[in-house]
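We count ligands from 1, going down the list as the structure has it; atoms in each ligand are counted the same way.
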Amino acid sequence: MSSPDGLPIKLRSEVAAVTPYRQGVQAPDDGFKLSSNENPFEPLPSVLERVQNASSFNRYGDASALELREKLAAKFGVGIGEVHIASGSVAILYQLVHATAAAGDEYMFAWPSFEAYPMLGLASGAKAVTVGLTSDYRHDLDAMADAVTDRTRAILLCSPNNPTGPAITTAEFHSFMERVPKDVLVVLDEAYREFVVAPDAIKGEDVIANYPQVVLLRTFSKAYGLAGLRIGFAIGNEQILNGARATGIPLSLTAAAQAGALASLDAEAELQERIRHIVDLRTELSTRLHEIGYTVADTEGNFVWLGLGDRAVDFADFFARNGVVVRPFAGYGVRISVGETESIPRVIELASRFKSEHVS
Ligand SMILES: *Cc1c(COP(=O)(O)O)cnc(C)c1O
């Protein structure tokens, strides 16, 4: 019979205990949604056209994404087997954690970091081990290396770190890798790599050949503006990626997503222009928030981080009441995505008002 809490069947208790994911709310028509690090630009016409002409929807897409893998393999100077495509890099994160960490094993990441990380091991029973950021919101790589145990199977590094913004430096990365056992998977999640300008930031594609245990993750969702199509990719050792392919849900990758990604690679120059624009807006947003008295973390992504601590939720609620949706991390801070050009003065105005109305 049904359980006391109204469940008609038996759900695993650790699964039943999970609070359902709440996606960022939509902004009103005259407002701005700055809560999901989405790209504010409409898709390029050339990309839209290729997506619309992609396929008959009564047919499956090419599950192996051969054409796109060939193109990415050439771009990154690797073999076709060293590229893996899936319906979003979140899907690949899930696959890699499942391929490496069984019940009782550990996978590790910094915190706060990408909100999907804590869920990745839930279904397999792998334990999520978190290591706090430094006071300037960077990965504490020494503490992460110290936290490795004989149960650690995977370490997720997010550079630039979502939601705080700093990138891991090349020097920090190499020192960290010297301390990590060679048989532990290290995932370098570079979802925001295209927005990085700091010359000392780690660039996975430059170092991957030296580290067989490292897998790079990239996505078409952020800089390329295809979040709604769901497509991301990994570059790394073929056997490791075979593990990811083995744990993936079959046939999830659509032909439309592949067409959008291929068309985007053909439109790289136009997209680079948009990326430069977003980077300029990021600088403007950080500078102006700093001028009105906020401490803004260094950022190499398409978002800025205010370490507001206990005032994070109040700040986000105040913004939401005024039509601007930002993302609070209760007790830590607020992430504001770099959106439309017109959103910048609105954010500055509201941030100033919040400061004057909530003086502590
Ligand atoms: C947005 C994001 C992703 C993933 O995105 P997909 O849309 O699944 O490709 C992955 N990692 C980080 C850190 C992100 O912020």
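Taking the charged nitrogens against the carboxylate oxygens, Lys71 and Asp266 do have a contact shorter than 4.0 Å, which makes a salt bridge. With respect to Arg274 and Glu270, no salt bridge is recorded, no charged nitrogen being found less than 4.0 Å from a carboxylate O.
To the nearest 0.5 angstrom, Ile80 atom CD1 is 11.5 Å from Glu67 atom CD. Atoms OG and CD, from Ser89 and Gln95 in turn, are 10.5 Å apart once rounded to the nearest 0.5 Å.
Within 4.0 Å of ligand 1, protein heavy atoms belong to Gly88, Ser89, Val90, Phe114, Cys158, Asn162, Asp189, Ala191, Tyr192, Thr219, Ser221, Lys222, Arg230, listed by chain and number.
Taking the six-membered ring for Trp, His277 and Phe41 have ring centres closer than 6.0 Å.
Annotation: side chain of Thr299 is in contact with side chain of Ser286 (closest heavy-atom distance under 4.5 Å).
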